[in-house]
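Worksheet for the structure shown next.
Atom set for the values below is all heavy atoms of this structure, side chains included, hydrogens, waters and symmetry mates excluded.
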Amino acid sequence: MTHTESLRPQAATFGLTTEEYDLLVSRLGREPNALEAAIVGAMWSEHCGYKNSRPLFSAFPTTGPQVLQGPGENAGVVDIGEGWGVAFKMESHNHPSAVEPVQGAATGVGGILRDIFAMGARPFAVLDSLRFGNPDSPRTRFLLNGVVEGISHYGNAIGVPTVGGEVTFHPSYQENPLVNVMALGLLRHEDLAKGTMGAVGNQIVYVGSKTGRDGLGGAVFSSADLSAASQADRPAVQVGDPFMEKLLLEATLEAIQAGLVAGVQDMGAAGLVSSTCEMAYRAGLGITMDLDRVPTREEGMVPMELCLSESQERMILVPMPGREGELLDLLAKWELDVVTIGEVEAHDRYRLTWKGEVVCDLPVALLNEAPKYTREGVESPDIRAKRERDLSGVPVPGDLGAVLVDLLSHPTIASKRPIFERYDHQVMTNTVVVPGAADAAVLRVKGSRMGVAATSDCNPRFVYLDPYTGAAAAVAEAARNLACVGATPLAITDNLNFGNPYEPGVYYQLGQAVAGIADACRALNTPVTGGNVSLYNQYAEGDHKVAIHPTPTIGMVGVLPDVTVRATLDLKPGPHTLYLLGEHATGIGASQYLETVHGLEAGRVPELDLELEGRVIEGTLALIRAGLTTTAHDPSEGGLAVALAEMAIAGGQGLQVTLNVPEGVRPDAVLFGEAHSRVIVAVPVGHEEAAQDLLGGLGVPYAALGESLPGSDRVTIVLSGANVQLSVSLETLKAAWEAPLREILG
Amino acid sequence: MPQYHAKVFVTLKPSILDPQGRTVERALAHLGHANVSGVRVGKLIELTLTGERPEVEAQLAAMTREVLSNPIMEDARWELEERPA
Amino acid sequence: MPQYHAKVFVTLKPSILDPQGRTVERALAHLGHANVSGVRVGKLIELTLTGERPEVEAQLAAMTREVLSNPIMEDARWELEERPA
Amino acid sequence: MNTAVIQFPGSNCDADALHAVRLTLDPDAQFVWHTEAELPPGTELVFLPGGFSYGDHLRSGAIAARSPIMAAVKAHAGRGGFVLGVCNGFQVLTEAGLLPGALSRNRDLHFHCAPVHLRVENAQTAFTGAYQSGQVLEIPIAHGEGNYYADPETIARLEAEGRVVFRYVDNPNGSLNDIAGIVNERGNVLGMMPHPERAVEALLGSEDGRGIFESLKGALVQ
Ligand SMILES: Nc1ncnc2c1ncn2[C@@H]1O[C@H](COP(=O)(O)OP(=O)(O)O)[C@@H](O)[C@H]1O
Ligand SMILES: [Mg+2]
């Protein structure tokens, strides 16, 4: 194939810099045509090619006896025992959700579910990690309502329970909300499928919805700054169809389980091109596909549209040689559009024909090996100054009870029930621990005693003020949340949401965050099995760029050997002694309290000791498994006082604790500081000695805090040494905690 | 002041996938209506406005664009008719 | 064979509460459209039929009654227009 | 009791229904695909599960109600065979004319997934014999269109004939007379919005739904 005219002046329209265009020409040995340039631009975009992030990823630990499938496939897979595996992955749909929240979020769910069943796993849980701007603004209401409607519309209809997630509010997300969706699927080891073209002679089968012009250029779109201009020339919105996805899911799983499939992948970002060229690359082979055979929804579609359309609910299947007929018959039964569009060949080219002519002829490797950039990262002096800020002048409020009530009514801390009640969280009848009941969701595995636990976590304020510690803390919190339900943490998936990596301040955050995740995963023995990157989450306000708080969301999966041995956060009937595992907080830096009450986003993120974290997790698990506690909760935003209040509200009973305020420590730090590596448990009265022996034996620091008060309706916290006491009725706490999201959601 | 009855017709833009329409079309085919094609499902919003015609028209146009339809995905048109008091 | 373009309008019976209409009405009032009342949200289903007029009309009537609307709660009417081939 | 769980392409509580029935009532319960024209010989109970049976974009249950298997289900009901429709299954039963009324969007337009309290209003039916009249059950709901509507005469008749079997203690969706479940005149067809199949194992929080299956165990096809 030859093409001589240079497209260099238009490089940007293909999503390429001129340097990248020159690199393409030199690797190709000729000028590309426009289709080829667009295909390369899409494949080298951050979304598909990870050009700015991949070089950092080598730091991640990715192996371990529990890892059945590490990064590089549609989803990671961990072994949970008894021949079962769990496939899981998280993905962002931030930009589409900012433009059209309902469909943006809905197609986010659809996309991640396809990644899961492409592994041969039956999706069995979804979690959604959401970030929005100012809770009082009409835009936030519009986005939150739309996103929740989209997730519930798609997840409820397809029948996969949405069992957990997070919702936080911060002004940095005002224009760039984050919608990260995690899905889990269950599979038998022998059904594990791969995204490969297999061997020479294999057929390439397109199955699912017809191709339309929707979402065109989505891959490029999601890698560009959102500006006023791009608001105007919005690409067509992608609309999801959960009913079609359900058919595709059932058909794909049936085909994989019948042994008819040599390779499978969904069409996600950059549509047909990215799925087929990744599958070819994994097989180390070339392919030829005939674009005339692509089923279309609209008249007159041209190759660029056929190649890059992001129409939803489409997959590529490669039949086992000799069983093509059986596969096509099976797919037809599900009334899906099914067409053989190409073949695997003994060369290294990615070839497309249209109307009898070759319209694209590129090396498979060139498409899959995007240039890698290592940039210079420099911490923003502004942020450093905020971190180093002296907080000793911050006054201690007189009425700390009122502060507690205030914090409970902050939308980031308040009850998320108005959201998760809109999600079917029980369909499939596996949900043992429902949203709101504990720090992680727990699902049983039918036909075994085991349970699977999942959580998603990130405290963006920590990451903003200290990206290394903040990101490591997200991993630690996720692992701790799993321990709080009685699950052994196994592995993570991450979703790195950042601003523009070309800005040194942002690149610094990205690099530090990746290093923090890597170190925490190594220390806690939870390897990284996959992830997703969403960059350019920033908005131009005049000349000024407003980037989101760096948000590396961590999705973690764990296993309960016996699902009946577990814990939740509510205080249980009967008198219990409350213990804190770990150490009291000693500072108010980087806390929600400091921001909400004092209007300051500043200070040092509490130090994270990963060795201590490991011991607290071990201690929590040991207590739960020894039957010494069925209550566990870790303090996060709002600190110890908020965590205690949440336990009392959930249990419908009061408590009384006495906290020793060490010399030189502020009382508000002990109450509301956000030190890591802490878990509150409740040991039935009479079993204290056994619990203390167990913790002592494991070297877990602990302190007895006080007791639950089954008959009482007050939460009382005495600070000894500081001569401070706060006592608030459950009713007041509950009202403050339940109202905010009902109001926002309307 | 006069009253007007308005009908606003909101339809998905032609290039946007219409899962509802697709499902209805398939279902109709299953029920033996094989000669039916191009099914699209949209909205019909009826409302009453009080005011003088020119203002009411301008208001309806704005409402349609800003609230009753989502211009990213939908086309909308409307009819206005004076209502006997 | 001739082609017909049909529009089917499905609306809730007047005696039935329309929560969607009420929500839209409230939203409009919030935005200052205080002179708007009686908002009702219905469906507009568009489709194409191939066949001769009398058969197509009978078919459309049956489809509307049996599938496209639920006579317990909804009223439906339709328009049919021959489509230039 | 020989049970057939009907599967529509968009059913999503089908596997849950089969699991619950096998656990409580019929270890050999089987799925039946919606394109079948006949129920398996000897079928005593037909379970229409929840989900979004046929995409359900138009109206819940509208299209499923007209699928081939529904003709067989109608004939089965006509012979006095038991039919249990849950959630979307209830919507299918009303659309198919096996039960009166219709289910429209929840009053607040939102989907609700939550445990709710139901009062057993009639413990004399084949589906409720194991309960006490007035007993309050905790069974989850999960629906966006569960707002029961029928014209005033129909409602009056349902009430007069004791055919309102379950009533919400706290109406979550706007249903007339807090109706959560009704039977047909003959008492062999029950439609309800709450999901008893999600409430048959203590591990999942409630076993209050078991009574429905246990009642059927003792019941004989009339
Ligand atoms: N978007 C959501 N979707 C589903 N469940 C959610 C969502 N947000 C929060 N939840 C649930 O609400 C509960 C409290 O969440 P959160 O306050 O984030 O807890 P934590 O601080 O312990 O991580 C958890 O069970 C969580 O899974
Ligand atoms: Mg937690």
Side-chain angles (χ1 to χ4, degrees), chain A residues 122-124 145 148-149 151-163 241-251 333-336 417-437 442-444 446-447 449 451 562-564 566 568 742 745-746, chain D residues 7-23 31 33-35 49-58 60 63-64 86-88 106 108-116 139-145 172-173 194-206 209:
Chain A
R122 175 168 288 276
F124 82 132
N145 267 294
V148 170
E149 185 186 330
I151 291 169
S152 75
H153 160 68
Y154 207 101
N156 297 354
I158 196 166
V160 179
T162 301
V163 298
D241 182 355
F243 180 62
M244 178 59 82
E245 177 113 328
K246 169 83 170 157
L247 303 181
L248 202 52
L249 180 163
E250 297 296 344
K333 172 189 133 191
W334 289 96
E335 300 184 38
L336 297 160
R417 182 171 301 281
I419 292 174
F420 61 68
E421 260 187 14
R422 292 196 196 174
Y423 303 146
D424 190 338
H425 47 256
Q426 290 176 310
V427 64
M428 298 183 91
T429 56
N430 295 321
T431 314
V432 172
V433 174
V434 297
V442 177
L443 300 129
R444 58 124 168 234
K446 285 194 183 104
R449 282 191 80 73
D562 180 346
V563 73
T564 63
R566 61 176 191 274
T568 48
R742 288 228 184 274
L745 280 154
Chain D
Q7 267 187 313
F8 300 100
S11 295
N12 63 31
C13 302
D14 45 345
D16 305 356
L18 193 76
H19 176 78
V21 170
R22 284 187 175 169
L23 209 63
F31 283 133
W33 192 238
H34 67 118
T35 54
F52 291 72
S53 47
Y54 215 100
D56 276 3
H57 296 292
L58 186 63
S60 298
I63 291 160
V86 167
C87 198
N88 187 230
N106 293 351
D108 66 0
L109 303 175
H110 299 314
F111 189 97
H112 286 255
C113 175
V116 299
I139 295 186
I141 54 165
H143 61 249
E145 299 189 9
N173 55 26
H195 286 271
E197 82 282 6
R198 296 186 183 185
V200 297
E201 294 170 271
L203 183 63
L204 303 183
S206 168

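Here the side chain of D/N12 pairs a donor or acceptor atom with the backbone of A/A157 at under 3.5 angstrom.
A heavy-atom distance below 4.5 Å is found between the side chains of D/P9 and A/F243.
Rounded to the nearest 0.5 Å, atoms CE (A/M428) and NE2 (D/H19) are 12.0 Å apart. Rounding to the nearest 0.5 angstrom, the gap separating the CZ atom in A/R422 from the CG atom in D/D108 is 7.5 Å. Interatomic distance, CD of A/E149 versus CG of D/L109, reported as 9.0 Å (0.5 Å rounding). The SG atom of D/C13 lies 6.5 Å from the CG atom of A/D424; values are rounded to the nearest 0.5 Å.
In terms of heavy-atom pairs under 4.5 Å with chain D, the best-connected choice from A/R417, A/E250, A/K246 is A/K246. Highest contact tally toward chain A, considering only D/L203, D/D14, D/I141, is held by D/L203 [criterion: heavy-atom pairs under 4.5 Å]. Contact tally against chain A (heavy-atom pairs below 4.5 Å) for D/A20, D/P140, D/G205, D/A15: the top residue is D/P140. Counting heavy-atom pairs closer than 4.5 Å to chain D, the top residue among A/L247, A/V427, A/N430 is A/V427.
Shown here for A/Y423 and D/F111, the closest heavy-atom pair between the two residues is C-CE2, 4.3 Å.
Of the atoms belonging to D/H195, not a single heavy atom falls under 4.5 Å from chain A. Heavy-atom distances place the side chain of D/H110, and not its backbone, under 4.5 Å from chain A.
One finds a salt bridge joining D/E201 and A/R444 here, because a Lys/Arg side-chain nitrogen approaches an Asp/Glu carboxylate oxygen to under 4.0 Å.
The side-chain contact (heavy atoms from CB on, under 4.5 Å) test with D/L204 is passed by exactly one of A/V432, A/T431, A/V434: A/V432.
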